[in-house]
Structure formats: structure tokens, C-alpha cells
**Student:** 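I'd like to ask some things about the structure below.
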Amino acid sequence: MSHEGYCWLCGQWRTLTKEHIPPKSAFNDSPILWHSVDENSRMIGHLVWSKEDRESGLTVRSLCGMCNSKCGSKYGSHFVDFIRKVAEQVENARDEERLIISGVRWPLSIVKAVMQSFISANGPDFVKANPWVIKFVRNSRNQQWPHDVGLYLFATNSKGGRKSGVMASYDFIRRRHAVSSEFVFWPLGAALFLKGMLSESRLTPIHHWVAECPYDYQGALDVCLWMNPAVKATPLDFRTEEQINKDASQQDEPLEATPETMEQMQKDAMRYGGEMDNKRMMFVTKTVPRIKH
Ligand SMILES: [Zn+2]
């Protein structure tokens, strides 16, 4: 079987390599059962899930050999060191607690590794729609980051992963929408906000590391991470099982965004996620972090 295709980072037609997201040595080396939204969901009008066995962890054929070697090995080991530090603490921590991860080294490399995961998680058009990502990820010394883009981390003890792709979501309480992408794989979750922001609570920003820490920064940081449950498949839903059951038992009036808002959300999701992917998911939900009903 041919593995040629357009590289999701440089856009060249090349043989594509299998990327582990997160890296294989960050606990991504055992079989998983991956649930994804079936493409027919849009036609049917509600979410249908399909299941797939992945023998050797979560992998995506996304990058050419050149892009892979330019970033993979470089950032991978720094990122894995960080993830292992998080893992040591997560198993004994409780949901909604805060962890202090001390002695975090190579902060800029960690940001680049997280962005590399988002390239593979967000599909072939993500870099085309957000061209700044190429230079940022391919050049380890590059410290250019758009002022309106936010990157956040959290810890999690939920064993099920989540990968949303670029999507628009609407907060009914604050009446605003945002374009974001979330990627969760035990013990770490990452949220990228490309336009707007729903709520910063229980998310730790790391985008400021880009300006503050050059690639060979020799210091070590203490990073505070929230323990956020990721029980449901809905992106950025940090409710515990108990909260979910409680919410489900309450009969709420169905909420609807205006057609204008829906249209704007669709446009934004396409703009930041790429025009080609017309299977893009749009979440119009009132389950946003930290909002209780
Ligand atoms: Zn490439």
C-alpha cells in the first residue's frame, strides 16, 4: 500500500510517516479502542460513533520524513520528560485538584511538541489555514506566536482520550463563541484557542513561554495544572461523572443559537480548520467548563 500524500506540515507530496500522537514513549504504545464520529452523522442529523482498534497506540500518517526528523526527535524527548513528570503525580491526585509540576525544563520545546500533536490531530488542512504554524514548528528557534492565539494545558486521570479537530463552540451563558481544538491523552490535555476564548478557568496558559523562554533556556519552571476529568466525548467538558448525571436528570429548555451566530461559527471553523474538510464538527452546547446549571 502506498503511503504517499501531501505532508500536513510542509505541503509537499512525499511518503508520509506514521506519527504517534503523543509520542510513543509517552504511554502511547499499547492497543487502544478509538471512537470517532461517523461521517454519516451530518446526514442522519445526530452523532453516530464508530469504533476502531489501533494495535500500537494512536498514530496518524501525517508528516513526511523531512518534517518528522526536523521536529519529532528534537522536541519529543523534552515533551516525554514533561509528560512523565505529570504522570507520576496524576495517579494519586483527585479530580479538580491542582498539581504543581516542578523542574519543568525546555519550555519552548514543549510548546512546539504540543503544536506538532495538534498538526496531526487537526487534519491535513490545519497548517494551510494557519500558516504561522509551519515556521514555528519547523524552526526550533522561532519565537513568533500570534497575539490572539492561546495554548493551554491540564492534567487528567481519565483514561479515554479526546481529539476534537478544529471546531466552533458557543457559550450560551456569556453569549459568545470561540474556535478551538482539544487533544486529550492520559495524563495530559491540551486546548488551542484560535479565535476567542470560552473560559480560562481550570486551564493553564503556556503560550507566554514562547516569548519568555528561548529554545535553549536553561532555567526550570514550576507549572501548576488542574486535574480535569474528561469523561464525555464532548470537547472541553470537564464535568465529573456525578455532575454529568445530575445535569442529565434536570429537564432544561433546549437552547438555540441564532441562525446568524450559527453561520458565523461555521465560517470561523472553516477559516481556522481548513476549507477542504467539510465534515467539520460544530458543537453548540451549554456544557462549557466551570458553568453549573
Ligand atoms: Zn513535510
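In listed order, ligands and their atoms are each counted from 1. Only heavy atoms go into these numbers, but all of them, side chains included; no hydrogens, no water, no symmetry mates.
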**Student:** Can you find a heavy atom in the side chain of I101 that is under 4.5 Å from one in the side chain of F82?
**Tutor:**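 The answer is yes, as the side chains (C-beta and beyond) meet within the 4.5 Å cut-off.
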**Student:** Excluding waters, how many protein N/O/S atoms sit closer than 2.8 Å to the Zn ion (ligand 1)?
**Tutor:**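 Atoms of protein N, O or S type lying less than 2.8 Å from the Zn ion (ligand 1) total 4.
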**Student:** Between E4 and R14, does any NZ, NE, NH1 or NH2 come within less than 4.0 Å of an OD or OE carboxylate oxygen?
**Tutor:**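 Salt bridge between R14 and E4, a charged N being under 4.0 Å from a carboxylate O: no.
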**Student:** Look at the aromatic rings of W106 and H78 and report parallel, tilted or perpendicular, splitting at 30° and 60°.
**Tutor:**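 Rings of W106 and H78: parallel, as their planes differ by under 30°.
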**Student:** Could you tell me whether R84 sits above the aromatic face of F27, with NZ or CZ closer than 6.0 angstrom to the six-membered ring centre and within 45 degrees of the axis?
**Tutor:**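 Because its charged atom sits under 6.0 Å from the ring centre and within 45° of the axis, R84 does stack over F27.
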**Student:** Below 3.5 Å, can you tabulate the donor-acceptor pairs from side chains in residues 216-226 to any protein atom, sequence neighbours excluded?
**Tutor:**
| unit_1 | atom_1 | unit_2 | atom_2 | d |
| --- | --- | --- | --- | --- |
| D216 | OD2 | R141 | NH1 | 3.2 |
| Q218 | NE2 | D216 | O | 2.8 |
| D222 | OD1 | G103 | N | 3.3 |

**Student:** Can you see which heavy atom on S180 is nearest to which on S169, and at what distance?
**Tutor:**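 It is OG-OG, 4.3 Å.
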